[in-house]
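Encoded as structure tokens, the structure appears first; notes follow it.
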Amino acid sequence: MQDYWLWSDYINIRSVLDCQHYLSMSRPQGKYNEQDLPVYAPMHWTLKEIKAAIPAKYFVRDTRKGVYFLTRDFLLAAAAWSLALRIDPLFKEPKATGAHSSYFFLESVRWLAWCAYWWFQGLIFTGIWVIGHECGHGAFSDHKLVNDLVGFVTHTFLWTPYFSWKFSHHRHHSNHGSMERDEVYVPKTRSDLGLPNATDPKLDYEEIFGDTPIYTLFMLIRQQLLAFPAYLLFNVSGQKTYPKWTNHFDPNSILFTPSQRNAVLISNAGIAFMAFAITYAIRLFGIATVIKYYGIPWLLVTHWFIMITYLHHTDPVIPHYRGKQWSFQRGAAATSLPDDDAAEGSTNTTRRKSDSQDNYQRSTGPQRKHMSKEEKKATRGANKGRRFGKTRDEVDLCWKIANGSDCEYGEKCRFSHDVPAYLAAKNRDLRVPETSEIKDSAPFIEISRPVSKPHPSHPSLDLGTTCPVFAETGECRYGFKCRFLGAHVRLDGEGIVVVGDEDKRARAALTANELNFVSNDVLNSLRTKKYPLPLTAVYLEELKSSEGDKGASTVKSDSVVLAEPEQDLDSVMSALEKPEPVHSKVEKLISERTGNLNEPEGGADVPMRFREKKRLRWAGKTYLAPLTTVGNLPFRRLCVALGADITCGEMGLANSFLAGSKEEWSLVRRHPSEKIFGVQVAGNKPANLVPTAEVIAKELTGGIDFVDVNCGCPIDLVFKQGSGSALIDAPGKLGKIIVGMNKVLGEIPVTVKLRTGVKDGKNTAHKLMPRIAPWGASCLTLHGRTRQQRYTRLADWDYIRQCVEAVRAQEEEEDLPPIPIFGGGDCFSAHDYYDKLEHCKVDGVMVGRGALIKPWIFTEIKERREWDISARERLDLIRDYANYGLRRVTSACCYSSTDFFLVISALIPPV
């Protein structure tokens with residue numbers, strides 16, 4: 001983030017210089033009318049594209065040049081101060097009587113000289129303050145100590161708490177333009193100002209914003225002189241969601257993490273020293289002298305600083321984003337330009353909009369109401385710029401013939417059976433070059449290179465290519481349609497035939513074929529609510545009877561009632577009391593586990609106690625976090641190959657599992673290389689999580705090693721239904737869930753992943769975790785952030801240690817076997833891993849975003865070193881990842897060449 005100011009300033013300056021004429025035409029003129037504001041189209045550039053557009057010289061730090069500017073400014077300040085010492089002696093009061101005109105003239109000139117001093121000294125002081133600001137960004141020098149030392153001195157000299165300001169300012173740059181996360185200049189909404197809706201006919205902007213000169217002058221003076229101290233002391237214009245009395249001097253403020261508190265105290269000590277120095281100077285020289293030489297120039301520093309930042313952040317056309325519409329690059333490029341696409345020339349890769357959408361983008365005011373609901377919906381949402389094209393073969397070959405089998409339709413088949421004609425029209429085979437073939441200078445790869453080993457009769461075939469699916473499994477179900485066809489064909493007289501490798505097939509059955517497939521019969525029975533769940537039925541009946549009044553709960557006055565649109569307990573019970581058999585295998589398994597349900601007694605096995613559960617001995621093992629949408633099977637395979645010991649599937653919703661969703665059940669797939677594998681589920685009550693666990697136990701026996709309960713997901717969609725991190729504030733419900741899941745899972749352990757709490761400043765995990773262990777959790781994982789934090793700011797590892805100590809004390813007190821406890825958050829290197837392992841008393845560290853940034857972090861952890869990975873090694877990893885993806889999604893084998901590379905780019909995890 002330290003380069004952010006360079007990127008943003010470069011974009012701002014370049015855009016303004018290129019688009020002055022467009023900007024002048026687009027600004028609202030005359031009477032203010034919100035409907036006349038220009039339409040802002042959010043930027044679509046990636047960080048990589050932005051950084052590539054900035055000249056390299058802007059990323060070079062030069063300590064000598066920085067020291068030169070700092071020395072120059074201090075010398076200029078000393079020179080101005082030296083000249084100011086001569087002002088009063090030079091314009092002494094005339095002693096000759098009758099020289100009143102000369103007296104007034106000299107006094108006027110004297111005060112003009114003081115004004116000149118204040119003006120120039122204020123500018124010089126502002127330059128010194130800006131140098132301290134750049135030190136906070138790490139731009140003054142390559143050495144952090146030099147940056148902090150210079151920044152601390154310059155900012156303390158001008159009454160700015162350096163470290164406190166540095167921390168909050170970094171967060172401001174990291175979240176610029178976000179309504180929910182920005183630190184300062186967060187615009188007020190209509191509800192904040194008490195304004196009616198924009199469509200209210202009684203709304204009169206002229207009356208609201210009309211010019212009142214005296215009041216405007218008062219507010220301007222107050223803002224220019226007091227705004228910055230008010231922000232530091234009272235969070236004025238800061239984030240509205242922060243608690244009352246948030247300020248930059250309280251080390252326990254929400255602005256700072258526990259690891260930053262000592263630096264905040266150092267800043268406070270610097271301000272205290274300045275207070276002492278100013279007090280001493282007043283006693284020595286008098287308050288008037290201190291104000292003239294130092295006080296007024298300092299007020300002008302505040303004036304210049306507020307003027308620059310106010311104009312930069314509050315222009316009516318500067319965009320601000322809510323929720324997922326915000327991204328770092330959008331916030332970085334938020335300028336006073338009305339339309340960055342029109343200014344810079346659009347490079348949008350999205351498919352062409354319809355005429356009505358284009359007209360909508362150009363229209364303003366009431367004209368926008370003409371856009372239909374469908375057209376508005378088409379303009380919303382993320383990833384609108386992603387486009388995956390699909391091409392059709394010129395000759396559409398029958399799939400049966402392509403696989404080397406006979407087509408039952410014969411001549412009546414509407415697809416072609418002419419293999420030679422298909423091969424003659426087929427696009428040339430793809431071939432991914434080896435990293436050794438990549439050159440060190442452009443062009444790095446010859447895109448239009450000739451076929452390495454052409455087939456004598458069919459020039460489109462490349463006998464030197466490799467089909468990643470065939471190489472691993474010994475067969476490719478796409479046959480002649482495969483874009484790597486040359487890798488698995490052989491000559492057969494005058495023609496060619498698709499071949500297979502029996503040895504590879506045999507090996508693949510043990511080492512390559514995925515596990516945990518759920519049959520269509522099971523999915524259909526789940527969809528129709530006919531799947532037998534006897535253990536769940538017994539447990540829910542026990543809960544129902546124990547609740548007495550049919551599950552009625554008492555809602556306190558301050559409770560938050562979370563909507564639960566799923567079926568209630570009675571409807572679940574009615575579906576479970578009369579289970580119907582699915583197939584013989586399930587019947588046999590249920591019979592073995594539960595006996596005859598019609599027997600009056602002794603029909604169910606004795607429940608397995610927690611002490612009899614399979615113990616998890618995970619101390620010292622590396623754990624890849626369950627990453628929703630990106631922790632897919634190909635990525636997990638890559639991490640396992642690089643050293644990950646424990647993997648967990650992406651979060652699945654219990655309701656979707658019970659609804660027989662094919663997409664949800666695909667999340668439980670496991671590759672044989674995953675040594676320890678678990679499934680993570682999210683739900684909001686025992687009525688959906690316990691039956692989900694029973695289905696998993698029956699259908700995936702031997703295919704999973706643990707089931708993880710998600711109590712940490714922060715997204716609104718999950719939280720508002722009472723799932724994910726909402727369970728942290730419902731310990732009673734969570735206890736029933738864990739106990740019930742333990743009963744139906746048999747030997748399969750239950751683990752729990754949670755966060756420190758729901759709201760910032762209100763951590764509850766230290767109270768909850770000691771209660772979870774006796775409920776039967778076999779492992780606990782604590783992410784060191786609250787739900788409100790999401791993934792902002794640093795994880796609180798000091799609090800994680802506190803929670804570990806609380807659990808260990810509970811285990812010792814109740815004589816419970818110790819369970820592994822993992823921590824999570826901000827682990828980006830082997831040094832981070834072992835530092836947290838040593839100081840926080842955890843059994844391991846769950847690695848999430850660190851693995852997305854560099855999957856080889858597991859190798860670094862295993863070998864206790866930092867891997868200075870080369871570009872070619874990175875490309876080899878990308879190749880492996882793409883091959884794993886092609887194996888997982890084998891339909892990619894019949895993509896066009898462009899689509900193939902799009903698939904590869906889509907499989908690369910975000911960095």
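All residue numbers refer to positions in the sequence shown, counting from 1.
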Pair Val847, Ile857 - check side chain to side chain contact (heavy atoms under 4.5 Å, CB included), show working. CA-CA 9 Å; Val847 183; Ile857 187 175; 4.1 Å; yes

Stepwise salt bridge (Lys or Arg N to Asp or Glu O under 4.0 Å) check, Asp501 with Arg507: CA-CA 10 Å; Asp501 191 325; Arg507 288 195 300 267; 5.6 Å; no

Verify side chain to side chain contact (heavy atoms under 4.5 Å, CB included) between Asn710 and Lys753, making sure each step is shown before the conclusion. CA-CA 5 Å; Asn710 186 307; Lys753 182 176 184 289; 5.6 Å; no

As a quick check of understanding, evaluate side chain to side chain contact (heavy atoms under 4.5 Å, CB included) for Val681 and Leu653, giving each step before the final call. CA-CA 6 Å; Val681 293; Leu653 301 179; over 6 Å; no

Give the C-alpha distance, both sets of side-chain angles, the deciding distance and a yes or no for side chain to side chain contact (heavy atoms under 4.5 Å, CB included) between Tyr834 and Ile861. CA-CA 8 Å; Tyr834 287 105; Ile861 293 171; 3.8 Å; yes

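Of the possible polar contacts, none joining the Gln680 side chain to the Asp708 backbone as a donor-acceptor pair under 3.5 Å is found. Remark: side-chain polar atoms of Arg879 are not paired, donor with acceptor, to backbone N or O of Asn883 under 3.5 angstrom. Judged by distance alone, with hydrogens and angles left aside, the side-chain atoms of Ser405 form a donor-acceptor pair with the main-chain N or O of Lys400 at under 3.5 Å. Checked by atom type and distance alone, the side chain of Ser460 pairs as donor or acceptor with a backbone atom of Leu423 at under 3.5 Å. Of the possible donor and acceptor atoms, none in the side chain of Ser656 sits under 3.5 Å from a partner among the backbone N and O of Glu664. Put simply, the side chain of Asp705 never gets that close to the backbone of Gly678: no donor and acceptor are under 3.5 Å apart. Using modelled atom types, one side-chain atom of Glu860 and one backbone atom of Trp867 make a donor-acceptor pair closer than 3.5 Å. Panel note: side chain Lys426, backbone Val395; no donor-acceptor pair is recorded below 3.5 Å. Checked by atom type and distance alone, the side chain of Thr465 never pairs as donor or acceptor with a backbone atom of Asp462 at under 3.5 Å. Under a 3.5 Å cut-off, the side chain of Thr622 and the backbone N or O of Asp645 do form a donor-acceptor pair.
A distance of 12.5 Å separates CZ in Arg669 from CD in Glu650, rounded to the nearest 0.5 Å. Atom CG of Leu667 and atom SG of Cys648 lie 10.5 Å apart (nearest 0.5 Å). Here the CZ-OG1 distance, from Phe635 to Thr629, works out to 11.0 Å after rounding to the nearest 0.5 Å. Once rounded to the nearest 0.5 Å, the distance linking SG of Cys413 with CD of Glu408 reads 8.0 Å. From Leu633, atom CG reaches atom CG of Asn516 across 10.0 Å, with rounding to the nearest 0.5 Å. To the nearest 0.5 Å, the span separating CG on Asp876 from CG on Asp880 amounts to 6.5 Å.
Dense packing is recorded around NZ of Lys862, with more than 12 heavy atoms of other residues, nucleotides or ligands lying under 6.0 Å away. More than 12 heavy atoms of other residues, nucleotides or ligands sit less than 6.0 Å from atom NZ of Lys504. In this structure, Tyr409 places its OH atom where only 12 or fewer heavy-atom neighbours from other residues, nucleotides or ligands lie under 6.0 Å away. For Glu866, the CD atom sits in a packed shell: over 12 heavy atoms of surrounding residues, nucleotides or ligands are nearer than 6.0 Å.
Under a cutoff of 6.0 Å and an axis angle of 45°, Arg849 and Tyr791 do not form a cation-pi pair. Both the sub-6.0 Å distance and the 45° axial angle are satisfied by Arg637 relative to the ring of Tyr884.
Side-chain contact between Met846 and Pro626: present, with at least one pair of heavy atoms (C-beta onward) separated by less than 4.5 Å. Put simply, the side chain of Thr751 does not reach to within 4.5 Å of the side chain of Thr781, judged on heavy atoms. Taking the side chain as every heavy atom from C-beta outward, Cys779 and Pro749 never approach each other to under 4.5 Å. Looking at Glu873 and Trp856, their side chains never come closer than 4.5 Å, going by heavy atoms from C-beta outward. Two residues are said to be in side-chain contact when any heavy atoms from C-beta on lie closer than 4.5 Å; Val845 and Tyr623 fail this criterion. Asn403 has its side chain out of reach of Val498: every pair of non-hydrogen atoms, C-beta onward, lies at least 4.5 Å apart. In this structure, Val497 and Val489 have side chains that are not in contact, with every pair of non-hydrogen atoms separated by 4.5 Å or more. Cys639 is not listed as a side-chain neighbour of Leu642, based on a closest heavy-atom distance of 4.5 Å or more.
Here the closest non-hydrogen pair linking Ser673 and Val640 is O-CG1, 3.2 Å. Pairing each heavy atom of Arg617 with each of Lys621, the nearest pair is O-CE, 3.5 Å. Summarising the geometry of Trp665 relative to Ile696, their closest heavy-atom pair is CH2-CG1, 4.0 Å, with the distance given to 0.1 Å. When every heavy atom of Ala851 is checked against every heavy atom of Phe858, the shortest pair comes out as CB-CE1, 3.8 Å. Heavy-atom minimum distance, Leu461 versus Asp429: CA-OD2, 3.5 Å. In terms of heavy atoms, Thr473 sits closest to Arg887 at CG2-NE, 3.0 Å.
Phe706 and Trp618 have perpendicular rings, their planes meeting at more than 60° on a 0 to 90° scale where under 30° would count as parallel.
Considering Tyr478, Phe470, Phe480 in turn, Phe470 is the only one that fulfils the ring-ring contact (aromatic ring centres under 6.0 Å, His included) rule with His488. Just one residue in the list Glu674, Arg670, Lys675 forms a side-chain hydrogen bond (donor to acceptor under 3.5 Å, both in side chains) with Thr647, and that residue is Glu674.
Note on Lys481 versus Asp396: salt bridge recorded, some NZ/NE/NH1/NH2 to OD/OE distance being below 4.0 Å. Ion pair Arg505/Glu475 flagged as a salt bridge, since at least one NZ, NE, NH1 or NH2 atom sits closer than 4.0 Å to an Asp/Glu carboxylate oxygen.
Glu863 is linked by a side chain to side chain donor-acceptor pair (under 3.5 Å) to Arg865, counting only residues two or more places apart in sequence or in another chain.
Under 3.5 Å, the side chains of Glu663 and Ser666 contain no donor-acceptor pair of N or O atoms.
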